[in-house]
2 protein chains.
Amino acid sequence: MMIQIEPDTDIPIYTQLTNQIIEGIARGHIKPGDSLPSVRSFAADLGVNMHTVNKSYHELEKKGIIQIVPKSGAVIIKHEGIDDVTYQKLKEDVKPHIAEAMVFGMTEEDIQQLVKSIIVELKEKN
Amino acid sequence: MMIQIEPDTDIPIYTQLTNQIIEGIARGHIKPGDSLPSVRSFAADLGVNMHTVNKSYHELEKKGIIQIVPKSGAVIIKHEGIDDVTYQKLKEDVKPHIAEAMVFGMTEEDIQQLVKSIIVELKEKN
DNA sequence: AATTTTGTTCTAGTCAATATAGAACACATT
DNA sequence: AATGTGTTCTATATTGACTAGAACAAAATT
């Protein structure tokens with residue numbers, strides 16, 4: 001797990017961590033069934049507070065991406081398909097960015113290619 | 001301009017306002033050259049503070065979407081194409097959501113169609 | 001069996017962000 | 001002249017973010 005935390009961003013540390021763990025799963029670096037490091041060891045590695053990592057784990061659990069087993073660890077959940085609630089939330093999150101792209105004159109094809117480039121980037125093996 | 005502010009969300013009011021103005025432009029309800037209401041009158045309409053609207057306007061100006069002319073008003077800028085900096089920032093903003101979609105088992109086609117449905121929704125005339 | 005590690009929970013503190021409020025200013029518009 | 005405009009300033013209350021230390025019970029390890 002190569003995690004890069006940038007302390008001087010307006011993005012909270014726990015959000016950065018959450019996003020990079022999600023990316024790690026999407027990239028295939030972490031697979032369903034795998035366990036995340038303990039909050040203490042991970043916090044020590046990253047040079048952040050234990051509670052910050054804990055908050056990230058609970059955010060991932062709330063999203064339904066990991067399952068926290070008390071006194072044991074955080075395990076990546078395997079997903080067959082996306083449920084409707086998650087889908088709608090995802091849609092609401094993406095919508096503002098699509099709208100902004102359209103304001104800047106991007107066409108449907110432009111936006112679709114932007115999305116494709118992101119997917120390709122995430123599918124790359126590194 | 002039909003603006004719906006939800007005070008009991010974790011999304012800041014000024015962000016809600018910013019996003020809905022952007023959506024309004026994407027939908028064609030507001031066009032380049034049009035002026036936004038004054039911060040005072042808009043604040044009164046929405047039932048929020050003047051400074052909150054002011055913050056939203058400055059966020060839109062920072063994004064390069066409007067131009068604030070002191071003592072005059074806020075005018076929607078016309079965009080021919082998107083510049084590289086904005087494009088990259090947009091890409092970084094969208095990436096986490098795409099990654100999350102992939103974690104939930106959505107395929108490239110699934111994601112492409114999600115994007116298409118958002119675009120269609122924004123292009124609808126209402 | 002004893003020790004270590006685990007996630008959890010609690011209090012505590014600092015700093016920044018959010019939102020509201022009121023006032024005053026200089027400049028345009030009416 | 002009066003009004004409306006964006007700007008700027010101080011002020012306050014609330015919440016979020018982050019760090020810190022301590023303690024607990026249960027699991028894993030030795």
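Reminder, nothing fancy here: chain letters follow the sequence lines and each chain counts from 1. Quick note: numbers below take in every heavy atom, side chains included, and nothing from hydrogens, waters or symmetry partners. Note that the structure is a prediction, hence the values are computed from the model and not measured.
With salt bridges taken as basic N to acidic carboxylate O contacts below 4.0 Å, none links B:K62 and B:E59. Taking a cutoff of 4.0 Å between a charged side-chain nitrogen and a carboxylate oxygen, B:R27 and B:E124 do not qualify as a salt bridge.
Side chain of B:T18 to main chain of B:Y14: a donor-acceptor pair is present (N/O by atom type, distance under 3.5 Å, no hydrogens or angles).
Side-chain proximity of B:R40 to the nucleotides C:dC10, D:dG6, D:dA17 is greatest for D:dG6. Side-chain proximity of A:P12 to C:dC27, C:dT20, D:dC18: nearest is D:dC18.
The nearest whole Å value for the distance from the CD atom in A:Q16 to the P atom in D:dC18 is 8 Å. If you measure from atom CG of B:D8 to atom P of C:dT18, you get 17 Å, rounded to the nearest angstrom. For B:L60 and D:dG6, the CG to C1' distance is 15 Å, given to the nearest whole Å. In this structure, the CG atom of B:N49 is 17 Å from the P atom of D:dT10, given to the nearest Å. With rounding to whole Å, A:L17 atom CG is found 14 Å from D:dA17 atom C1'. Per the geometry, CZ belonging to B:F42 stands 13 Å off P belonging to D:dT5, to the nearest Å. Rounded to an integer number of Å, the gap from CD1 of A:I68 to P of D:dA26 is 19 Å. For the pair B:E59 CD and C:dT18 C1', the interatomic distance rounds to 12 Å; values are reported in whole Å.
At least one side-chain nitrogen or oxygen of B:H58 sits closer than 4.0 Å to the OP1 or OP2 atom of D:dT7. Phosphate proximity of C:dT18 to B:K55: present, with a side-chain N or O under 4.0 Å from OP1 or OP2. Residue B:Y57 places no side-chain N or O under 4.0 Å from the OP1 or OP2 atom of D:dG6. For C:dT18, neither phosphate oxygen OP1 nor OP2 lies less than 4.0 angstrom from any side-chain nitrogen or oxygen of B:T52. For the pair A:S72 and D:dA26, the criterion of a side-chain N or O lying under 4.0 Å from OP1 or OP2 is not met. Applying the 4.0 Å criterion to OP1 and OP2 of C:dT6, one finds that A:S38 has a side-chain N or O inside that range. At C:dA19, none of the side-chain N or O atoms of B:Y14 fall inside 4.0 Å of OP1 or OP2 (strictly under the cut-off).
The base of C:dG22 lies close enough to the side chain of B:H51 for a donor and an acceptor atom to sit less than 3.5 Å apart.
In terms of position on DNA chain D, the residue among A:M50 and A:I11 whose nearest nucleotide sits closer to the 5' end is A:I11.
One hydrophobic cluster, built from ILVMFWY side chains closer than 4.5 Å, holds both B:I68 and B:I25.
The neighbour count for B:K91 NZ, taken as heavy atoms of other residues, nucleotides or ligands under 6.0 Å away, is above 12.
Note on B:N54: only backbone sugar-phosphate atoms sit closer than 4.0 angstrom, heavy atoms only; bases stay farther off.
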